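Encoded as structure tokens, the structure appears first; notes follow it.
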Amino acid sequence: MFFSGGIKAGLMGGDPPDQCVSVKQIEKRDSVLTSKQQIDRLLRPGASYFNLNPFEVLQIDPDATDEELKKRFRQLSILVHPDKNQDDVDRAQLAFEAVDKAYKMLLEPDHKKKALDVIHAGKEYVEHTMSQKRKQLKKDGKPTVVEEDDPEVFRQAVYKQTMKLFAELEIKRKERETKEMHERKRQREEEIETQERAKREREWQKNFEETRDGRVDSWRSFQSKGKTKKKEKNRTFLKPPKVKMEQRE
């Protein structure tokens, strides 16, 4: 469900809904916003979450046909295109990217269905809340009239709940993305460690093979010296007999 300027003003501290002009008048007014006003709208504070709803970005009803969608995209993209806003090129580029992203999202059936599911979920939540309020009023013996029975208040409530759901989904998506990124990083670190370990083992094995002949020769030399020393130790020498001096008579 598309909510435009007047409704959003009520959400952001502007005139309350009962002081706003009719929805048709609001939509007609917003359809002729100037380039600067459209750029301001698309880059307003909190735009990173407001612009999660592609229908909100393009200011088009979820029930719009593909032809209406294409026409709206052409109108809006021309308004915010950087070439048409030479005095504010950088902001115009950001606004144009937001419009282009929303349009491409709605061209993709799966993405469009997800966006519609969020909008429908927001509406169902508000309707459920209204039902609970009526039950409590009936239990208290009061008239079962709730503020959301006013079409404008109902649309505002759906808008707020829809934005909340889009924001919650985006937060979960970012958390999931961060978790997956950390998991990929951990796996990559393990792969690098495994590769480094294998490299060290190969280098050790190569050095072991290259120095084997030297170690064998050293061992043989050591053994040979040991045998020589052993022989020298065990060798006995004949001592010459002692010569006795003859005694003179």
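Position 1 is the first residue of the sequence, and the numbers go up from there. Worth knowing before you read on, the calculation uses all heavy atoms, side chains too, and leaves out hydrogens, waters and symmetry mates. Quick caveat, the model's predicted, so the values are computed rather than measured.
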Minimum-distance pair of heavy atoms, taken over all atoms of Y49 and A167: CD2-CB, 3.5 Å

In one Ile/Leu/Val/Met/Phe/Trp/Tyr side-chain cluster, 4.5 Å: L43, V89: no

Non-hydrogen atoms of N85 and L79 that approach each other most closely: ND2-O, 3.0 Å

Check ion pair D149-R134 (N to O, under 4.0 angstrom): yes

E152 backbone acceptor or donor facing D150 side chain under 3.5 Å: yes

Pair R173 + E170: basic N to acidic O under 4.0 Å: yes

side-chain contact (heavy atoms from CB on, under 4.5 Å) assessment of M163 paired with N53: CA-CA 7 Å; M163 289 298 101; N53 184 346; 3.3 Å; yes

Ionic contact status for D88 with R91, cut-off 4.0 Å: yes

D90 atom CG: more than 12 heavy-atom contacts under 6.0 Å: no

Verdict with reasoning, K160 to Q156, per side-chain contact (heavy atoms from CB on, under 4.5 Å): CA-CA 6 Å; K160 292 172 67 176; Q156 179 182 343; 4.2 Å; yes

Listed partners of R74 passing side chain to side chain donor-acceptor pair (under 3.5 Å), at least two apart: none

Heavy atoms of other groups near K36 NZ, more than 12 under 6.0 Å: no

Intermediate values then yes/no, salt bridge (Lys or Arg N to Asp or Glu O under 4.0 Å), E190 and R186: CA-CA 6 Å; E190 288 183 355; R186 184 190 65 78; 2.5 Å; yes

Full working for side-chain contact (heavy atoms from CB on, under 4.5 Å) between E56 and Y159: CA-CA 10 Å; E56 167 69 16; Y159 173 81; 3.6 Å; yes

Spacing of H182 atom NE2 and E177 atom CD [to the nearest 0.5 Å]: 11.0 Å

Side-chain donor-acceptor pair present, Q93, E97, cut-off under 3.5 Å: yes

Verify same cluster id: M105, L42 (apolar side-chain graph, 4.5 Å): no

Joint cluster assignment, I78 & L58, ILVMFWY side-chain distance < 4.5 Å: no

From Q86 atom CD to H81 atom NE2, the distance as rounded to the nearest 0.5 Å: 10.0 Å

Closest non-hydrogen atom pair between F55 and L106, with its separation: CZ-CD2, 3.5 Å

Side-chain touch E147/F154, heavy atoms, less than 4.5 angstrom: no

Exercise: do T129 and Q132 side chains pair donor with acceptor under 3.5 Å: no

E148 versus V126, closest heavy-atom pair with distance: CG-CG1, 4.4 Å

Sidechain-backbone polar pair: R44 side chain, R41 backbone, donor-acceptor under 3.5 Å: yes

R184/E180 under side-chain contact (heavy atoms from CB on, under 4.5 Å): CA gap, chis, key distance, verdict: CA-CA 6 Å; R184 288 194 299 269; E180 291 173 352; 3.7 Å; yes

Main-chain N/O of E124 paired with H128 side-chain donor or acceptor, under 3.5 Å: no

Pair Q59, Q38: side-chain N/O donor-acceptor within cut-off below 3.5 Å: yes

Steps toward side-chain hydrogen bond (donor to acceptor under 3.5 Å, both in side chains) verdict (N207, E203): CA-CA 6 Å; N207 292 334; E203 290 176 350; over 6 Å; no

In one Ile/Leu/Val/Met/Phe/Trp/Tyr side-chain cluster, 4.5 Å: L94, F50: yes

Salt bridge R200-E193, side-chain N to carboxylate O under 4.0 Å: yes

Partners meeting side chain to side chain donor-acceptor pair (under 3.5 Å) with K114 (sequence neighbours left out): none

Salt-bridge present (E68, R72; N to O < 4.0 Å): no

Trace of the side-chain hydrogen bond (donor to acceptor under 3.5 Å, both in side chains) decision for E191 with T194: CA-CA 5 Å; E191 289 175 1; T194 300; over 6 Å; no

Minimum heavy-atom distance V99-V57, with the two atoms named: CA-CG1, 3.9 Å

Nearest-0.5 Å distance, CZ of residue F73 to CG of residue L107: 8.5 Å

Q187-E183 side chain donor-acceptor pair, cut-off 3.5 Å: yes

Nearest heavy atoms of T162 and G122, plus distance in Å: OG1-CA, 4.1 Å

Nearest-0.5 Å distance that lies between atom CG in D140 and atom NZ in K138: 12.5 Å

Connected via hydrophobic side-chain network under 4.5 Å: V153 and V145: no

Distance, nearest 0.5 Å, that separates CD of Q136 from OG of S131: 12.0 Å

Student check: side-chain heavy atoms of E175 and K179 closer than 4.5 Å: no

Charged N-O contact under 4.0 Å between K71 and D66: no

Nearest-0.5 Å distance that lies between atom CZ in F166 and atom CD1 in I119: 5.0 Å

